[in-house]
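What follows is a single structure, written as structure tokens, with notes after it.
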Amino acid sequence: MNNNFEISFELVGKKIGQDIYSDHGILLLKKGTTLTETHIVLLQNYKFGTLVEIEDKYPNDKLNAKMQKLYDQNLKEISTLFQNINLNNSPPIKELINAYQPLIEQATDHTDSIRYLHGIKDYDEYTYRHSINVGMISAVIGKLLGRSKKDIFLLGQMGLLHDIGKTMISPDIINKPGRLDANEWQEITRHTIYGYQILKEVEDLDIHIPAAALLHHERIDGSGYPNGVKEKDLPFLVQILSVADTYDAISTERVYQAKKPDFVGINILVEEAYNNKLNPAIVFPFVRYLMRQYIRKEVVLNTGDHGEIIFIHDDEPHQPLIITNEEYVDLRKNRKIRLSDVVRK
Ligand SMILES: [Fe+2]
Ligand SMILES: [Fe+2]
């Protein structure tokens, strides 16, 4: 079987099947090395355009089996906890957090996994999957930003529990497919306060966890809810969670919404950063990471043209250099042209 692949971020987590040398004969990577994002960047710099041999089977188009098993177990546990929660007894939140830890470890070891989180969801499962996803994505962003292990796990827990207050809101409102009226919307916004009330009662819980429930819909310019607080009163870890929450909420398919094209989530994050809603110091490293996974991929533009992504600029990762019909187009220079979707083959 031919196991040679183009160098791309899809290879993160794979083992290489050959020693790789630079053009000057310097050993870059040893056979059997498990590829990380840093290795991919190194290979893209030194071995651009060549193929590398991979030991394991490919392509990996879903979560790996171990992660899928952990994901399904967590889904069951969080569904049970969320369904049985009431304010009169103390929910087993500590147990839930402990059971979630191995999944966060897996996610931060295989950061590309967050690409496979956005399958179709049924009504009831949506909040549970969203909670697990936001924890995983927050932890991966924490890792990208070089936060400590302690912060990374805390981010996972904040994500897992950020929407726990939704358990206090009628499912008819939560799952309503159409527009919400003013009262219904008011009630939805209260999931932040309900979540805070539930979590602040839990003993020995890091203060960031109830704070995340209360503050994750706040925006740095003060335009969020429930209190309209601004950047200086929003802990940085909560700001990370807000980016992960926004990204998952946009990207995840729901029963009553058609599948969103790949770049919708990325474009909205960038817009929110430019509009001073989400912190650009978090959004841009995350978008850079997401965009690097599309290098050498065929994409569709909002003009309908097709092209291939050649280079991701560090400062404007969402507007890469592409090649269309033998012509290089730098999307930084023409802001009306945007990426719409990726072509799946
Ligand atoms: Fe929320
Ligand atoms: Fe959320």
Side-chain angles (χ1 to χ4, degrees), residues 71 74-75 78-79 81-83 85 93 96-97 100 103-104 107 114 117-119 121-142 154-177 180 184-200 208-220 222-229 234-235 237-257 260 264-265 268-269 272 277-279 282-283 286:
Y71 192 101
N74 275 278
L75 193 58
I78 195 169
S79 325
L81 185 133
F82 274 29
Q83 279 161 21
I85 213 159
I93 293 215
L96 183 76
I97 285 177
Y100 186 54
L103 184 60
I104 289 298
I114 57 171
L117 293 176
H118 308 299
K121 315 294 185 287
D122 60 45
Y123 291 104
D124 292 338
E125 257 187 25
Y126 172 73
T127 302
Y128 313 137
R129 283 184 182 269
H130 171 67
S131 304
I132 295 176
N133 293 357
V134 171
M136 290 169 79
I137 297 168
S138 301
V140 167
I141 299 177
L154 180 56
L155 278 163
Q157 297 164 8
M158 290 158 65
L160 182 70
L161 297 168
H162 77 284
D163 270 339
I164 197 170
K166 286 196 176 166
T167 57
M168 297 292 121
I169 296 173
S170 157
D172 297 342
I173 300 180
I174 298 275
N175 297 321
K176 187 173 170 182
L180 299 172
E184 291 166 336
W185 173 247
Q186 197 59 41
E187 178 61 3
I188 283 271
T189 65
R190 294 187 62 80
H191 77 277
T192 51
I193 296 163
Y194 297 142
Y196 176 73
Q197 286 168 344
I198 294 168
L199 294 169
K200 80 173 179 7
H208 279 86
I209 298 177
L214 183 66
L215 301 173
H216 68 276
H217 288 287
E218 299 289 4
R219 293 295 177 256
I220 58 178
S223 64
Y225 66 81
N227 296 318
V229 298
L234 294 172
L237 296 185
V238 173
Q239 295 183 36
I240 293 180
L241 169 67
S242 296
V243 171
D245 183 38
T246 304
Y247 180 68
D248 187 69
I250 299 162
S251 310
T252 295
E253 223 171 307
R254 304 193 206 179
V255 175
Y256 48 82
Q257 283 178 356
K260 297 259 187 8
V264 171
I268 291 180
L269 284 185
E272 297 276 277
K277 310 271 181 212
L278 295 172
N279 189 335
I282 300 164
V283 167
F286 181 45

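We count ligands from 1, going down the list as the structure has it; atoms in each ligand are counted the same way.
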query = Once rounded to 10°, what is the value of the angle centred on the Fe ion (ligand 2) between Asp245 OD1 and His162 NE2?
reply =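 Approximately 90° at the metal, rounded to tens of degrees.
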
task = Output yes if His130 passes the N/O/S-under-2.8 Å test against the Fe ion (ligand 2); output no otherwise.
result =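 Checking His130: at least one N, O or S atom is under 2.8 Å.
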
request  = List the steps, then state whether side chain to side chain contact (heavy atoms under 4.5 Å, CB included) holds for Asn74 with Tyr128.
outcome  = CA-CA 9 Å; Asn74 275 278; Tyr128 313 137; over 6 Å; no

task = Determine, step by step, whether His217 and His162 satisfy the ring-ring contact (aromatic ring centres under 6.0 Å, His included) criterion, reporting the C-alpha distance in whole Å, the side-chain angles of both residues, the deciding distance to 0.1 Å, and the verdict.
result = CA-CA 10 Å; His217 288 287; His162 77 284; 7.5 Å; no

message = Using only atom types and a distance under 3.5 Å, with no angle test, would you say the side chain of Gln239 pairs donor to acceptor with the backbone of Leu234?
response = yes

Among the N, O or S atoms of Asp163, the one nearest the Fe ion (ligand 1) =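 Distance check against the Fe ion (ligand 1) picks out OD1 in Asp163.
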
Atom name in His216, limited to N/O/S, at shortest distance from the Fe ion (ligand 1) =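 For His216, the N/O/S atom sitting closest to the Fe ion (ligand 1) is NE2.
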
request  = Answer with yes or no whether the side chains of Tyr71 and Asn133 bring together a donor and an acceptor at under 3.5 Å.
outcome  = yes

note = ang(NE2 His191, the Fe ion (ligand 1), NE2 His217) rounded to 10° is 90°

message = Could you walk me through whether Ile114 and Phe286 satisfy the side chain to side chain contact (heavy atoms under 4.5 Å, CB included) test, starting with their C-alpha distance in whole Å, then the side-chain angles of each, then the deciding distance to 0.1 Å, before giving a yes or no?
response = CA-CA 12 Å; Ile114 57 171; Phe286 181 45; 3.8 Å; yes

